[in-house]
Protein chains: 2
Amino acid sequence: MPMEQGHLSQRKFRRHEHLAHRGELQDHVLHLEEGWASRYCVLPDGRRQITALFLPGDYCEPQWLLSGKAELPILALTPVKARAIPLAGVHARPGDTVMKLLGGVLQNHDRQTAWIVSLGRKTALERVAGLLVELFERLQATGKVDDNRCTIPLTQQDIADVVGLTPVHVNRVLGDLRNRGLVRLSGKILHLPYPQALGAAASSSSERPVDPDAQRTAWPAGKAA
Amino acid sequence: MPMEQGHLSQRKFRRHEHLAHRGELQDHVLHLEEGWASRYCVLPDGRRQITALFLPGDYCEPQWLLSGKAELPILALTPVKARAIPLAGVHARPGDTVMKLLGGVLQNHDRQTAWIVSLGRKTALERVAGLLVELFERLQATGKVDDNRCTIPLTQQDIADVVGLTPVHVNRVLGDLRNRGLVRLSGKILHLPYPQALGAAASSSSERPVDPDAQRTAWPAGKAA
DNA sequence: CGAGGTGTTGATCCTGGTCAAGTACCGTGG
DNA sequence: CCACGGTACTTGACCAGGATCAACACCTCG
């Protein structure tokens, strides 16, 4: 009995409450109105990795349109208000929403690709800096940045679980960024005096000499068939 | 001038030739018939990370159906034979192919999620073991495994660029796995005497005591609203 | 008020990186 | 036939980026 898409589809979750459980079938997609959520994975011995962050304005797991199932659990990092979009309705009258959802899938896919590069090849400092600018820009896109300031409700533990580090080390890196004057993070307020500069630190840390003859084997790259 | 989908759409690439360049617009998707390819990213200072592997039978970048554009370059790791599937045709008569492509997108998405967990939280040994079983199983699914043996045309450098390690260290880890009798990798032939056991090594290395009270903060996980 | 979740800092350890040399294995051309 | 040059693989010695262990300060919220 699918209900109309009116205000009745509004759902609330408390901090640390699950929006979805591992392997659970999903007949809807959530559109976050307020609060943050995360997709995560726990290894048998307790190691945790967050594989996606969902911010206000995001669809929470657009790919459920295609799979109808949550591969991994989704956890509220803060109190969350969301609108549930029943998939039955979308499938019945495939309109604008389908394209938005597929766009969301694509965006998440590309974001994940970028994170694979980060986790595989970047230093702790680059990863943390990268996360901060990514979040800054995503919040900026939804008008949630003012005077280079925004609210990041993440714990240092959360950050660690995103960037694949220890909370202790995240702390040190944040301290380092603070010393360099690139980041001011007090309480949950993030202030980036020079977002540009932080972006630079995220790509390839300034120290690391940009090796001009980086190509291991110079594949001409221009020998099309 | 799009050609018919007959045998004329067959395309060949040599080793180290690009199937697609970074940012290039794509009016087709490739279906690999023979050979392996990889999506990769190079940082300004030369660090490389492979973010996807394409095996025979795979669609190469199904999401091009949605984006029409290659975000990252695709490189042939071996000589490649592929069938080009023009997207114009797919959009015109959306049939079975669309679902197959969307399924491919979903599969790649999930695979990337798994790799984020690996790169973020697993040890060198677990990552390498994980890669080998993944490839073994993907080849098995297309009937390319016989007597627990299959062909892996990857260089140790390639493997390193997938698992985010140094080729030197990959070598040591492979040696370790060989000593444990879990892997026999001579030339390009991979032999897994006990695929099962290797899978176990990939999840959480046997040494690592499975911490029973792993939950950092015991979130009841059962307090639905 | 106390308790538990956080953030901060120091000392020490260890996984994996770096540097370097040497080997094996080609396919090429003399 | 062998000499060669290039790529891939191995191995050792040493180094360093983060992890681990531990203690403490802070702060919010029962």
Side-chain angles (χ1 to χ4, degrees), chain A residues 14-16 45-49 77-79 118-129 152-179 183-190 205 207-209 211 214-220, chain B residues 15-16 45-49 77-78 118-129 152-179 183-190 205 207-209 211 213 215-220:
Chain A
R14 297 195 306 277
R15 180 163 132 103
H16 290 170
D45 64 347
R47 286 173 285 176
R48 251 186 198 69
Q49 176 69 37
L77 295 173
T78 69
S118 262
L119 293 169
R121 291 304 185 198
K122 294 193 180 171
T123 67
L125 194 134
E126 292 169 321
R127 285 185 238 172
V128 173
I152 304 275
L154 297 179
T155 260
Q156 290 187 2
Q157 173 74 70
D158 294 332
I159 297 177
D161 286 344
V162 173
V163 299
L165 297 169
T166 302
V168 180
H169 199 62
V170 166
N171 184 312
R172 294 192 220 276
V173 170
L174 284 176
D176 189 357
L177 287 170
R178 197 176 306 132
N179 290 340
V183 169
R184 213 137 313 163
L185 184 58
S186 59
K188 297 307 178 197
I189 306 291
L190 172 69
S205 110
E207 329 308 322
R208 225 166 254 275
D211 185 352
Q215 297 306 90
R216 276 191 298 262
T217 16
W219 298 321
Chain B
R15 181 164 132 102
H16 290 170
D45 64 347
R47 286 172 286 176
R48 252 186 197 68
Q49 177 68 37
L77 296 174
T78 69
S118 262
L119 293 168
R121 290 304 185 197
K122 293 193 182 173
T123 67
L125 194 135
E126 292 169 322
R127 286 185 237 171
V128 173
I152 305 274
L154 297 178
T155 260
Q156 290 188 4
Q157 172 76 69
D158 294 331
I159 297 177
D161 286 344
V162 174
V163 299
L165 296 170
T166 303
V168 180
H169 200 62
V170 166
N171 184 312
R172 294 193 220 276
V173 170
L174 285 176
D176 189 357
L177 287 170
R178 198 176 307 132
N179 289 341
V183 169
R184 214 139 312 164
L185 185 58
S186 60
K188 297 306 180 199
I189 306 291
L190 172 67
S205 110
E207 329 308 322
R208 227 166 251 276
D211 186 352
D213 101 315
Q215 297 307 90
R216 275 191 299 262
T217 19
W219 297 323

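All of these numbers come straight from a predicted model, not from anything done at the bench. Proteins get letters first, then strands, A, B, ... in listed order; numbering begins at 1 in each.
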d(B:Arg172 CZ, B:Leu177 CG) to nearest 0.5 Å is 14.5 Å
Using whole Å, what does the distance between atom P of nucleotide C:dG17 and atom CG of B:Leu125 come to? 13 Å
Going from CG on A:Leu165 to CG on A:Asn171, what distance comes out if it is rounded to the nearest 0.5 angstrom? 12.0 Å
Whole angstrom value for the distance that separates P of C:dG16 from CG of B:Leu174: 14 Å
Which distance, rounded to the nearest 0.5 Å, do you find between the NZ of A:Lys122 and the CG of B:Leu119? 13.5 Å
Heavy atoms under 4.0 Å, any strand shown: does B:Leu165 hit a base, just sugar-phosphate, or nothing? sugar-phosphate
Side-chain contact, heavy-atom cut-off 4.5 Å: A:Arg14 with A:Pro79? no
Looking only at side-chain N and O atoms, does A:Gln156 come under 4.0 Å of OP1 or OP2 in C:dT8? yes
Could you say whether B:Lys122 or A:Gly175 is positioned toward the 5' end of DNA chain C, judged by the nucleotide with the nearest heavy atom to each? A:Gly175
Roughly how bent is the helix from C:dC1-D:dG30 to C:dC26-D:dG5 end to end, in steps of 10 degrees, with each end axis from five pairs? 40°
What contact category does B:Arg15 fall into here, base, sugar-phosphate, or nothing, at under 4.0 angstrom with non-hydrogen atoms? sugar-phosphate
Once side-chain contact (heavy atoms from CB on, under 4.5 Å) is applied, do any residues pair with A:Arg184, and if so which ones, sequence neighbours excluded? A:His191, A:Pro193
Set of residues satisfying salt bridge (charged side-chain N to carboxylate O under 4.0 Å, His left out) with respect to A:Arg121, sequence neighbours excluded: B:Asp161
Once each nucleotide of nucleotides 21-30 of chain D is scored for protein heavy atoms under 4.0 Å, what B/S/- sequence comes out, 5' to 3'? B---------
Nearest whole Å is fine: how far is C:dT8 C1' from A:Asn171 CG? 5 Å
Could you tell me which residues satisfy side-chain contact (heavy atoms from CB on, under 4.5 Å) with B:Pro153, sequence neighbours excluded, listed by chain and number? B:Trp36, B:Thr78
So what does B:Thr155 touch, heavy atoms closer than 4.0 Å: a base, only the sugar-phosphate, or nothing? sugar-phosphate
Mind calculating the distance between CD1 (B:Ile159) and P (D:dA8) to the nearest angstrom? 12 Å
For B:Lys188 and D:dC9, is the shortest distance between a side-chain N/O and OP1 or OP2 below 4.0 Å? yes
Separation of atom NE2 in A:His169 from atom C1' in C:dT12, rounded to whole Å: 15 Å
B:Arg47 CZ to C:dG17 P, straight-line distance once rounded to whole Å: 12 Å
Without decimals, in angstroms, what is the distance between B:Ile189 CD1 and C:dC25 C1'? 16 Å
Nearest to side-chain heavy atoms of A:Arg178, which nucleotide of C:dT8, C:dG16, C:dG17: C:dT8
By side-chain contact (heavy atoms from CB on, under 4.5 Å) - contacts of A:Leu185 (at least two apart): A:Leu174, A:Val183, A:Leu190
Rounded to the nearest 0.5 Å, what's the gap from CD1 on B:Ile159 to NE2 on B:His169? Could you check? 13.0 Å
Using modelled atom types and a 3.5 Å cut-off, is there a donor and acceptor pairing between side-chain atoms of B:Thr123 and backbone atoms of B:Glu126? yes
Tell me the interatomic distance from A:Arg121, atom CZ, to D:dG17, atom P, rounded to whole angstroms. 17 Å
Within the structure shown, what part of the strands sits under 4.0 Å from A:Arg127 by heavy-atom distance: base, sugar-phosphate, or nothing? nothing
